[in-house]
There are 2 protein chains.
Amino acid sequence: MQPDQRRAKRLPRAVRERQIMDAAVDVFSRLGFHAASMDEISEVAGISKPMLYAYLGSKEELFATCIRREATRMMEAISGGIEPDQTPDVQLWSGLRAFFGFVGENRASWQVLHRQASTQGGPFAIELTDMRGRAVALVAALLAQSTKAAPSTQLEAESLAAALVGAGESLADWWLDHPDEPAGVVAARLMNLVWMGFGDLVDGNIWHPPSRRPGAQ
Amino acid sequence: MQPDQRRAKRLPRAVRERQIMDAAVDVFSRLGFHAASMDEISEVAGISKPMLYAYLGSKEELFATCIRREATRMMEAISGGIEPDQTPDVQLWSGLRAFFGFVGENRASWQVLHRQASTQGGPFAIELTDMRGRAVALVAALLAQSTKAAPSTQLEAESLAAALVGAGESLADWWLDHPDEPAGVVAARLMNLVWMGFGDLVDGNIWHPPSRRPGAQ
DNA sequence: TCCTGTACCTACTCACGAGTAAGACTACTG
DNA sequence: CAGTAGTCTTACTCGTGAGTAGGTACAGGA
């Protein structure tokens, strides 16, 4: 109880809100929505519970706000990583790298986004579905570029995009349990799987970026 | 309160246990582990709470038992669907069909297995990891058959198997939100994606089973 | 120096849910 | 019909966690 035990007193609202959001993402990602308590979030954030309610509203509002913030951060990271005037395979490659790069550096964000939000019903799933919809649209547009030739592509591209996004999601989940692998390796693995297919891979044909540096990552 | 409001009175223990398990899978799949209450499970099962505790133990024990039962059912469905003396691609195809067939007919089981169990820590994740490990081993063995030719296959096959299993898991999740698609179509889509790859698909090369009936499903 | 607003707290209320105590009802066995 | 084993219930205890009441402390302006 020394007077010097400064808890960074009397900060402006915007700063506190960021601290609270960071704490909330941390706690939600570790415990899940239901098991997380507002008491613990306020403790991690270094403030008291009434502040939390005054600034961010109820537990549900806080969770929804977390999802929106992290979803926005991630989609910006991905679309920022794509170079639009490259060939489709290179665009896909850079998108995958951006995605796994983001997940690698923001594991808590990914936890709260994918594993938590998708298991809670109600408004949360809506936010999530919205983000996934944007990701699928991004990939579908990219695939549609590749398939100008083929005939019945519009719907087919979209469902394949959904499968690819799903594969990315679950490979990211798998990666959470195998954190030793570098991001580039995981991304390259998925790239090869979806671009070449096992049928080619067993013949030794692998995909690689158009030679800047031979090694991955 | 008519005396005729028979709640199927005084059944033997084994029958009650099955009813309770079914109710538990239903409630857990709808609400998740934490939000599900033992009161609701007992109500759905048509018995009172103390019976539930007497027969299946605590909430955590009940949940773990659910996971074990559903995981076993699913793995049996899959390995029962594979014909071991076929070529690797056909084996993979029949495995995928068995998997999506099971999920389609047991949506609640899949919910509780994948979406719920994977987000809860502790003993549940262990059960789940165990099941996934068996699935990955199954697929990895299958892939290893295909790649006798290639050199550095042992570890590579295993990680590709993990990616494939992950892709299947998340495609099944996606399917939960698009229940109108038939199981065979979803399975065929994943089969094409992982066996042919986009690189072939954009050229119009699709994989199909070695002609019994031309149409899928 | 008083005044007002914003940051911030302690200490509650209240509902809900896990788990239990204690016994009642039924069926079978002798 | 008494006894016993197993089925089943009502009616609790008790902890935990969401949300709030009612304040204190500090900062800046008059």
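So that the names make sense, note that chain A is the first sequence line, chain B the second, and so on, each numbered from 1.
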Item to check | Length of the CG-C1' vector between A/L52 and D/dG17, whole Å | outcome: 13 Å

Item to check | Closest nucleotide among D/dT9, C/dC8, D/dT7 to the A/L11 side chain | outcome: C/dC8

Item to check | Spacing of B/L62 atom CG relative to C/dG17 atom C1', expressed in whole Å | outcome: 15 Å

Next on the checklist: Using side-chain heavy atoms (C-beta onward) and a distance below 4.5 Å, is A/S109 in contact with A/M74?
Outcome noted: no

Checklist entry - Between D/dC8 and B/R13, is there an OP1 or OP2 to side-chain N/O distance shorter than 4.0 Å? => result no

Next on the checklist: For a quick check of understanding: with a heavy-atom distance under 4.0 Å over all strands, which category does B/A35 fall into, base, sugar-phosphate or nothing?
Outcome noted: nothing

Next on the checklist: Can you measure A/H34 atom NE2 to C/dA18 atom P for me and round it to whole angstrom units?
Outcome noted: 10 Å

Checklist entry - Nearest-Å distance, OH (B/Y53) to P (D/dT7)? => result 19 Å

Next on the checklist: Let's see if you can work this out: which of C/dG19, D/dG19, C/dA7 has an atom nearest to the side-chain heavy atoms of A/Y55?
Outcome noted: C/dA7

Next on the checklist: Is the terminal nitrogen or CZ of A/K59 (NZ for Lys, CZ for Arg) located under 6.0 angstrom from the six-membered ring centre of A/F28 and within 45° of that ring's axis?
Outcome noted: no

Checklist entry - To the side chain of B/K59, which of D/dT10, D/dA18, C/dG19 is closest? => result C/dG19

Checklist entry - Between the base of C/dG19 and the side chain of B/K49, is there any donor-acceptor pair under 3.5 Å? => result yes

Checklist entry - Any idea which of D/dC8, C/dC9, C/dG17 is nearest the B/R16 side chain? => result D/dC8

Checklist outcome for this item: When rounded to whole Å, the CE to P distance for the pair A/M51 and C/dT10 reads 13 Å

Item to check | A/W110 and A/F99 aromatic ring geometry - parallel, tilted or perpendicular at 30°/60° bounds | outcome: perpendicular

Checklist outcome for this item: By nearest-nucleotide position on DNA chain D, the 5'-leaning member of B/A14 and B/P50 is B/A14

Checklist entry - What is the distance, rounded to the nearest whole Å, between atom CG of B/L31 and atom C1' of C/dC16? => result 14 Å

Next on the checklist: Just the rounded figure in Å: distance from P of D/dT7 to CD1 of B/I20.
Outcome noted: 11 Å

Checklist entry - Base, sugar-phosphate alone, or nothing: which one does A/P12 contact when heavy atoms must sit under 4.0 Å apart? => result nothing

Item to check | 4.5 Å side-chain heavy-atom contact, B/V186 and B/H178 | outcome: no

Checklist entry - For B/I47 and C/dC25, what is the distance between atoms CD1 and C1' respectively, to the nearest whole Å? => result 16 Å

Next on the checklist: Parallel, tilted or perpendicular: which one describes the rings of B/F100 and B/W175, with boundaries at 30° and 60°?
Outcome noted: perpendicular

Checklist entry - Counting only side-chain N and O atoms of A/S37, is one of them less than 4.0 Å from OP1 or OP2 of D/dG17? => result no

Checklist entry - How would you label the contact of B/M38 with the nucleic acid (heavy atoms, under 4.0 Å): base, sugar-phosphate, or nothing? => result sugar-phosphate

